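When a ligand or atom number is given, it counts from 1 through the structure's own listing order. Note that these values count all heavy atoms, side chains included, but never hydrogens, waters or copies made by symmetry. Keep in mind that what you see is a predicted model, and the values were worked out from it rather than measured.
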Amino acid sequence: MESQKKFTPTFSFELFPPQTQQGVEKLQLTRKQLALFNPKFFSVTFGAGGSTRERTLETVLEIQAEGHVVAPHLSCIGSTRQNIRAILEKYSQAGIRHIVALRGDLPSGMAQAGEFRYASELVAFIRQEFGSSFHIEVAAYPEYHPQARSAQADFENFKRKVEMGANSAITQYFYNADAYYHYVESCELAGLNIPIVPGIMPINKFSQLVRFSDACGAEIPRWIRKKLEGYGDDSESIQAFGLDVVTDLCERLLQAGAPGLHFYTLNSANLTSKIWQRLNLTGHAD
Ligand code: FAD
């Protein structure tokens, strides 16, 4: 973990583009609450296969107009170079300087893979077309991506993304700190010298956590799963236990030298704020 300690810690909040006017208003309130913590940036997800392209753009511009730093996610699967170039040009003209570059997943029923196969190709494309205009974040998987042929092949992919020009990484969420330490040490050994910020998923509903984790390959350790299962429909106990587990995880990660935290807020300030306050974090001065 030594090499990560030299980076200034970055705290950021991930949001998704709302689908309804009610969702837009809820998100404005969430942002107002979370902005009090002075995050380095808000990031906004991009739906599979470009399904939220316009809504992502709208949300990004709205957040930027409020004076916050915002990092749009951009996934390339199912897209052409021309499409991706057009989106990046819009962001560039709007003064956006930070992108989370992803492959994404093809939505069911969408047969066309498009002109990009992997996120490393997107990173290379952004560098080729836009030079160093954007700070590029990429995804990292301490418990490995579910489609990876092997842990080694997945790590080689991460290395390629860094070699193509990624500036920093955000991890898939995990509840097993050792997986993150091991991953970061592998990066150190491979000479990959970028911040790898842990992605943090607060625990809200057990069924939702199981669904997300099955899809993205994050492991819910048995003892956590058993405890959550045992609470049944008692959402108060689930959240209270989840807060203890996730706050403790964040504390241990920061003490070990993690260069910040990226919260998957799911557009709600409630649990993220509680974790933040328990950790006594101060955010960014600028
Ligand atoms: P890649 O880095 O391209 O990797 C995908 C898979 O391909 C891996 O298994 C990798 O090992 C393999 N691979 C890569 N290169 C090669 C190669 N040359 N040969 C063989 N195999 C290879 N999804 C969204 O739709 N929208 C979002 O906004 C979004 N935001 C995210 C934010 C974060 C921080 C994270 C961690 C994930 C996010 N995702 C999002 C999910 C992500 O899109 C999926 O996990 C997707 O399956 C992989 O995207 P990637 O960028 O990690 O892909």
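Comparing heavy-atom distances from atom 46 (C) of ligand 1 across Val138, Leu102, Asp105 singles out Asp105 as nearest. The residue from Leu122, Thr56, Asp154 that puts a heavy atom closest to atom 11 (O) of ligand 1 is Asp154. The option from Ala218, Ala148, Gly104 that lies nearest to atom 23 (N) of ligand 1, judged by heavy atoms, is Gly104. Summarising the contacts of atom 26 (N) of ligand 1 with Phe46, Phe16, Tyr264, Phe116, the nearest heavy atom is found in Phe46. When the options Pro17, Ala119, Ala139 are ranked by their closest heavy atom to atom 35 (C) of ligand 1, first place goes to Ala139.
Taking the six-membered ring where tryptophan is involved, the planes of Tyr231 and Phe241 are tilted, since the angle between them lies from 30° to 60°. Below 30°, between 30° and 60°, or above 60°: for Tyr264 and Tyr173 the angle between ring planes is above 60°, a perpendicular geometry.
Atoms of ligand 1 lying under 4.0 Å from at least one heavy atom of Ile170, given by number and element, are 34 (C).
At a 3.5 angstrom cut-off on N or O pairs, His73 counts as close to ligand 1. Inclusion of Glu14 in the set of residues having an N or O under 3.5 Å from an N or O of ligand 1 is not warranted.
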*Given Arg85 and Glu89, is the salt bridge (Lys or Arg N to Asp or Glu O under 4.0 Å) satisfied, shown in steps?*
CA-CA 6 Å; Arg85 188 184 296 112; Glu89 273 166 1; 5.1 Å; no
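Distances shorter than 4.0 angstrom do not occur between any heavy atom of Val100 and any atom of ligand 1.
If you run side chain to side chain donor-acceptor pair (under 3.5 Å) between Glu25 and each of Gln21, Gln22, Gln28, only Gln21 comes through.
A salt bridge does not link Arg160 to Glu163: none of the charged nitrogens lies less than 4.0 Å from a carboxylate oxygen. One finds no salt bridge joining Lys159 and Asp154 here, because no Lys/Arg side-chain nitrogen approaches an Asp/Glu carboxylate oxygen to under 4.0 Å.
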